[in-house]
2 protein chains.
Amino acid sequence: MEWKIDDSRPIWPQIKEQLMRDIVAGKYPMGSPFPTVRDLAEDAKVNRNTMQRALSELENEGLVITNRTSGRTVTMDENLIKLTRGKIAKEKIVSFRQEMEDMGFTMEEIISLMRGSDSDVEKGE
Amino acid sequence: MEWKIDDSRPIWPQIKEQLMRDIVAGKYPMGSPFPTVRDLAEDAKVNRNTMQRALSELENEGLVITNRTSGRTVTMDENLIKLTRGKIAKEKIVSFRQEMEDMGFTMEEIISLMRGSDSDVEKGE
DNA sequence: ATTATTGTCCTAAGCACTTAGGACAATAAT
DNA sequence: ATTATTGTCCTAAGTGCTTAGGACAATAAT
């Protein structure tokens with residue numbers, strides 16, 4: 001898979017959030033096996049420990065279940081997944097909207113710009 | 001002023017971006033004097049060096065002009081400000097939209113959720 | 001002329017993140 | 001029974017961020 005990691009933030013939260021999005025999007029179905037730490041680390045080209053840091057966070061949130069030696073699986077808790085999806089979305093929406101309005105964009109301007117994400121934004125004001 | 005700084009990222013980029021949003025929003029008008037490094041640092045409760053790091057970045061982008069001993073002023077380049085405003089907005093829109101769609105939200109769902117940022121998002125799916 | 005202000009540079013220390021690699025217990029595979 | 005796999009823990013080193021505070025040149029203020 002394709003990993004989007006930049007150096008603007010620590011790596012492990014970026015991985016954690018990316019995996020969370022993949023899980024709530026159903027890319028890793030409920031109850032299905034999760035790749036091993038070593039495989040994921042190799043794929044993302046990061047250290048074992050870095051990936052484990054991200055995975056242990058996912059476990060703390062209850063999104064993945066760890067079985068000591070048989071690997072990990074995605075949670076079967078459908079409600080948790082839906083709640084998590086909604087929570088992430090809400091947080092993103094609030095901060096996005098806040099920052100856009102801080103720059104002086106109105107709600108309708110934001111929506112208009114989002115609909116045509118290719119048109120020139122710089123004519124604003 | 002109110003500073004929104006969290007520990008998810010280094011402090012200086014957060015300050016830089018916040019000041020950029022304030023400038024392009026006209027909160028610091030074109031040509032007007034900019035607070036001193038020490039004052040800004042005290043206000044944001046960060047170290048001098050941290051604030052200077054942010055300000056030197058703003059200068060690299062041309063948004064503020066530094067006059068060795070008489071302080072700084074906001075640029076008079078109206079075009080630069082408009083271009084910067086558009087650039088920031090576009091980047092935010094693209095990444096926001098990308099991450100929301102990664103989670104399985106459609107364009108219309110996103111807009112609907114944004115319009116009523118208080119309603120429950122968790123009923124989605 | 002003297003003093004204060006401003007931006008800037010500097011060292012030093014503490015801290016979190018990242019990488020590299022070694023090691024171990026518990027289980028799966030053979 | 002033996003071997004491989006898996007999650008996990010550990011040390012060690014390097015790097016960047018942050019803070020603290022000292023110092024200096026150029027200019028403004030008096």
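Because only heavy atoms are used, hydrogens play no part in the values below, and waters and symmetry mates are left out as well, while side chains stay in. Throughout, a chain's letter reflects where its sequence line sits, starting with A, and its residues are numbered from 1.
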When the distance from [atom1] of [X] to [atom2] of [N] is rounded to whole Å, what number comes out?
{"X": "A/Trp12", "N": "C/dC17", "atom1": "CH2", "atom2": "P", "answer": "6 Å"}
{"X": "B/Met51", "N": "D/dA20", "atom1": "CE", "atom2": "P", "answer": "14 Å"}
{"X": "B/Asp7", "N": "C/dC17", "atom1": "CG", "atom2": "C1'", "answer": "13 Å"}
{"X": "A/Leu40", "N": "D/dT5", "atom1": "CG", "atom2": "P", "answer": "17 Å"}
{"X": "A/Asn47", "N": "D/dC10", "atom1": "CG", "atom2": "C1'", "answer": "13 Å"}
{"X": "B/Arg68", "N": "C/dT6", "atom1": "CZ", "atom2": "P", "answer": "14 Å"}
{"X": "A/Phe34", "N": "D/dT6", "atom1": "CZ", "atom2": "C1'", "answer": "15 Å"}
{"X": "A/Arg38", "N": "C/dA20", "atom1": "CZ", "atom2": "C1'", "answer": "13 Å"}

Hey, does the side chain of [X] come within less than 4.0 Å of [N]'s phosphate (OP1/OP2), counting only N and O?
{"X": "A/Thr50", "N": "C/dT19", "result": "yes"}
{"X": "A/Arg53", "N": "C/dC17", "result": "yes"}
{"X": "A/Ser70", "N": "D/dT5", "result": "no"}

Give the nucleotide from the list C/dG7, C/dA20, D/dC17 with an atom nearest to the side chain of B/Pro10.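 Selected nucleotide: D/dC17.
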
Please pick, from D/dA23, D/dC17, D/dG7, the nucleotide with the shortest atom-to-atom distance to any side-chain atom of A/Thr36.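 Side chain of A/Thr36 sits closest to D/dG7.
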
Presence of donor-acceptor pair under 3.5 Å, side chain of [X] and base of [N]:
{"X": "A/Asn49", "N": "C/dG21", "value": "yes"}
{"X": "B/Arg48", "N": "C/dT6", "value": "no"}
{"X": "A/Arg72", "N": "D/dG7", "value": "no"}

Can a donor-acceptor pair be found between the side chains of A/Ser8 and A/Asp6 at a distance below 3.5 Å?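 Yes - a donor-acceptor pair under 3.5 Å links their side chains.
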
Are a donor atom and an acceptor atom from the side chains of B/Asp77 and B/Asn79 found within less than 3.5 Å of each other?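 Their side chains do not contain a donor-acceptor pair, so the 3.5 Å distance test is not met.
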
If pairing requires Watson-Crick or G-U wobble contacts with both distances under 3.5 Å, which nucleotide is the partner of [N]?
{"N": "C/dG21", "answer": "D/dC10"}
{"N": "C/dG14", "answer": "D/dC17"}
{"N": "C/dT3", "answer": "D/dA28"}

Is the shortest distance from a Lys or Arg side-chain nitrogen in B/Arg48 or B/Glu42 to a carboxylate oxygen in the other one below 4.0 Å?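 Salt bridge between B/Arg48 and B/Glu42, a charged N being under 4.0 Å from a carboxylate O: no.
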
Taking the six-membered ring for Trp, are B/Tyr28 and B/Phe34 parallel (under 30°), tilted (30 to 60°) or perpendicular (over 60°)?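 Tilted.
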
With a distance cut-off below 6.0 Å to the six-membered ring centre and an angular limit of 45° from the axis, does B/Arg97 pair with B/Phe105 as a cation-pi contact?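 The answer is no, since B/Arg97 fails at least one limit relative to B/Phe105.
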
